[in-house]
Amino acid sequence: GVSALLAASATAFTVLKWVGALYLLFVGWRMLWSKKSAAPGAAELPMQALVKANLKSVFLSGFWTNALNPKVALFFLAFVPQFIAPEASHKAWTFFLLGVLFNFNALPVNLGYALLAAWAARRMTALQRGMHTLERVAGVIFIGFGLKLAVSANPAG
């Protein structure tokens, strides 16, 4: 169909060639001169938004998320009482101390997760910068393809 028409008509081939070349030049130009914020996927990363927040608001957000989470309450109500002796005189105090001990033991793991998240956020920022550079390289390649197409001859002619 279309390939037979292009092979038979030099005018159709020339028009399609120039439209394709102009399109490739346009796309390459846009990629080459795009701003970092205009790059695909360059929306602000969630971790970057947290870095801008102050530590108090991050702490309070995490505290209320855990304090109001019914799964956390169910876990502590089902798990911790198993370690309290039935004959203990201060069950509430023991429950509180076991909760503090749990949080103290979880602190290194949670700090590890926080450090891992900070490392990942830095890597994502570096990856984002690298993607912008790759977009510019792709823009140069598209411009090269557009120029090559513009100077190419009709293969049937």
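In this chain, numbering begins with 1 at the start of the sequence shown.
Linking ILVMFWY side-chain heavy atoms closer than 4.5 Å, directly or via other members, places Val140 and Val137 in two distinct hydrophobic clusters. Linking ILVMFWY side-chain heavy atoms closer than 4.5 Å, directly or via other members, places Leu32 and Leu147 in a single hydrophobic cluster. Each of Val100 and Leu77 belongs to its own hydrophobic cluster when Ile, Leu, Val, Met, Phe, Trp and Tyr are linked at side-chain heavy-atom distances under 4.5 angstrom. Criterion: ILVMFWY side-chain heavy atoms under 4.5 Å apart, direct or through other members. Under it, Leu25 and Trp33 are part of a common hydrophobic cluster.
Rounding to the nearest 0.5 Å places CZ of Phe76 at 8.5 Å from CG of Asn66. Between atom CG of residue Leu97 and atom NE2 of residue His90 there is a gap of 11.0 Å, rounded to the nearest 0.5 Å. In this structure, the separation between OG1 on Thr94 and CZ on Phe83 is 13.5 Å, given to the nearest 0.5 Å. One finds the CD1 atom of Ile141 at 14.5 Å from the CZ atom of Arg136 (value rounded to the nearest 0.5 Å). Atoms CG and CG, on Leu22 and Leu149 in that order, are 9.5 Å from each other to the nearest 0.5 Å.
Smallest separation of non-hydrogen atoms from Phe142 and Gly28: CB-CA, 3.6 Å. The two residues Ser152 and Lys17 come nearest to each other via the heavy atoms O-NZ, 2.8 Å. Across all non-hydrogen atoms, the minimal contact from Glu135 to Met31 is O-CB, 3.6 Å.
In this structure, Phe59 and Phe63 have parallel ring planes: the angle between them is below the 30° cut-off, well short of the 60° mark.
For Tyr23, the OH atom is loosely surrounded, since the number of other residues' heavy atoms within 6.0 Å does not exceed 12. Phe145 CZ: 12 or fewer foreign heavy atoms inside a 6.0 Å radius.
Here the side chain of Lys91 pairs no donor or acceptor atom with the backbone of Ile84 at under 3.5 angstrom. Side chain of Thr65 to backbone of Ser61: a donor-acceptor contact under 3.5 angstrom is found.
For Phe26 and Trp29, the ring centers are positioned 6.0 Å apart or more. The six-membered or imidazole ring of Phe79 lies away from that of Phe102, with a centre-to-centre distance of 6.0 Å or more.
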